[in-house]
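Comments concern the structure below.
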Amino acid sequence: MHDFITEEDSELWDVICDGPYVPTKKVRDSPVTMSKNRKEYNDADRKVVEKNFHAKKILVCGMGHDDDNRISSCQSAKEIWEVLQTTHEGTTQVKQSKIDMLTIEYELFRMKDDEYIQDMHT
C-alpha cells in the first residue's frame with residue numbers, strides 16, 4: 001500500500017496537535033521574546049501562520065451544523081480539535097467508563113439455552 005500523506009498533511013496535523021505557530025521577536029537585547037503583531041510578519045511568518053487557518057478550514061468543512069456553536073469561540077485548529085474530541089469521544093474519564101462497561105458486557109455475554117448460534121451472533 002502506498003503512503004499518500006504529504007509533507008503539508010503532516011505539517012497541518014502538527015498544527016492541529018501542537019497548536020498554531022506564533023511569530024515572535026526579541027525584546028531589545030534581552031533574552032525575552034514577545035509576539036509580533038501582524039504588520040511585523042515577514043513572508044515566512046505568514047506562510048507558517050496560514051497553516052493554522054488551512055487546518056481550521058479543513059476541520060470546519062468536515063463537521064456538521066451541530067458543532068458550529070461548540071467551536072465558534074475557538075481561535076486555533078488545536079482548540080477546534082479538542083472540542084470535537086471531547087464532544088464526540090468524551091473526556092478520558094468518560095472513555096474509560098465506556099471501556100469498563102463494554103468489558104463487563106463482554107464478560108457476561110453468554111448464549112441463551114433456547115438460542116441458536118446465528119441468533120446469538122446477531
Side-chain angles (χ1 to χ4, degrees):
M1 186 170 150
H2 297 288
D3 189 12
F4 293 108
I5 297 176
T6 66
E7 183 178 340
E8 182 183 8
D9 295 333
S10 178
E11 290 170 354
L12 291 174
W13 186 243
D14 289 343
V15 168
I16 291 170
C17 292
D18 301 333
Y21 170 77
V22 178
T24 58
K25 62 182 178 181
K26 287 191 172 194
V27 178
R28 298 191 185 137
D29 293 330
S30 74
V32 177
T33 60
M34 63 183 286
S35 300
K36 291 181 181 178
N37 65 45
R38 293 184 64 81
K39 292 177 185 175
E40 297 174 305
Y41 287 4
N42 59 33
D43 289 341
D45 292 334
R46 281 186 198 84
K47 185 177 178 183
V48 179
V49 168
E50 284 174 6
K51 290 191 185 313
N52 182 59
F53 295 114
H54 190 126
K56 282 175 60 175
K57 183 171 72 172
I58 289 170
L59 290 172
V60 170
C61 287
M63 341 181 289
H65 294 290
D66 295 341
D67 294 315
D68 288 344
N69 288 336
R70 291 184 183 108
I71 60 104
S72 62
S73 64
C74 295
Q75 297 297 311
S76 70
K78 179 179 177 146
E79 287 178 276
I80 293 171
W81 182 249
E82 289 171 349
V83 167
L84 293 174
Q85 276 187 306
T86 302
T87 301
H88 295 284
E89 293 180 4
T91 62
T92 304
Q93 186 177 11
V94 170
K95 285 190 270 187
Q96 188 58 51
S97 294
K98 287 178 184 177
I99 290 169
D100 293 343
M101 287 182 347
L102 289 171
T103 301
I104 290 169
E105 192 175 318
Y106 173 75
E107 290 170 350
L108 296 174
F109 181 71
R110 301 280 186 272
M111 187 170 144
K112 297 174 186 155
D113 291 337
D114 61 340
E115 192 172 36
Y116 293 105
I117 292 175
Q118 183 60 39
D119 295 333
M120 178 195 72
H121 188 294
T122 302

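Computed from heavy atoms alone, side chains included, the values below leave out hydrogens, waters and symmetry copies. The structure displayed is predicted, hence computed values, not measured ones.
Judged as a side-chain hydrogen bond (donor to acceptor under 3.5 Å, both in side chains), and not counting sequence neighbours, the contacts of T6 are D9. Annotation: side-chain hydrogen bond (donor to acceptor under 3.5 Å, both in side chains) contacts of E82 (sequence neighbours excluded): none.
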message = I'd like to know whether H54 forms a side chain to side chain contact (heavy atoms under 4.5 Å, CB included) with E8, so could you lay out the CA-CA distance, the side-chain angles of the two residues, the decisive distance to 0.1 Å, and finally the verdict.
response = CA-CA 10 Å; H54 190 126; E8 182 183 8; 3.5 Å; yes

_Test log, rule side chain to side chain contact (heavy atoms under 4.5 Å, CB included), inputs R46 and V49_ = CA-CA 5 Å; R46 281 186 198 84; V49 168; 5.8 Å; no

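The CZ atom of F53 sits 14.0 Å away from atom CD1 of I58, with the distance rounded to the nearest 0.5 Å. I80 CD1 to Q75 CD: the interatomic distance, rounded to the nearest 0.5 Å, is 9.0 Å. If you take CZ on R70 and OG1 on T86, they are separated by 11.0 Å, rounding to the nearest 0.5 Å.
Closest of all the heavy-atom pairs between C17 and K78 is O-NZ, 3.2 Å. Shortest non-hydrogen contact noted between L59 and M63 is O-CG, 2.9 Å. Of all heavy-atom pairs between N69 and S72, the closest is O-OG, 3.2 Å. Residues A77 and V15 come closest through the heavy atom pair CB-CG1, 4.4 Å. Across all their heavy atoms, E40 and D45 have their closest contact at O-OD2, 4.3 Å. Here the closest heavy-atom approach between residue K36 and residue T24 is recorded as CE-O, 3.3 Å.
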Return a table of donor-acceptor pairs under 3.5 angstrom between the side chains of residues 100-113 and protein atoms on other chains or two or more places apart.
| residue | atom | partner | partner atom | Å |
| --- | --- | --- | --- | --- |
| D100 | OD1 | Q96 | NE2 | 2.9 |
| T103 | OG1 | I99 | O | 2.7 |
| R110 | NH1 | E107 | O | 3.0 |

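Y116 and M120 fall into different hydrophobic clusters, where Ile, Leu, Val, Met, Phe, Trp and Tyr side chains are chained together by heavy-atom contacts under 4.5 Å. Clustering ILVMFWY residues whenever any of their side-chain heavy atoms sit less than 4.5 angstrom apart, transitively, puts L12 in a cluster other than the one holding V22.
By the 6.0 Å contact criterion, NZ on K57 is open, its count of non-hydrogen atoms from other residues, nucleotides or ligands being 12 or less.
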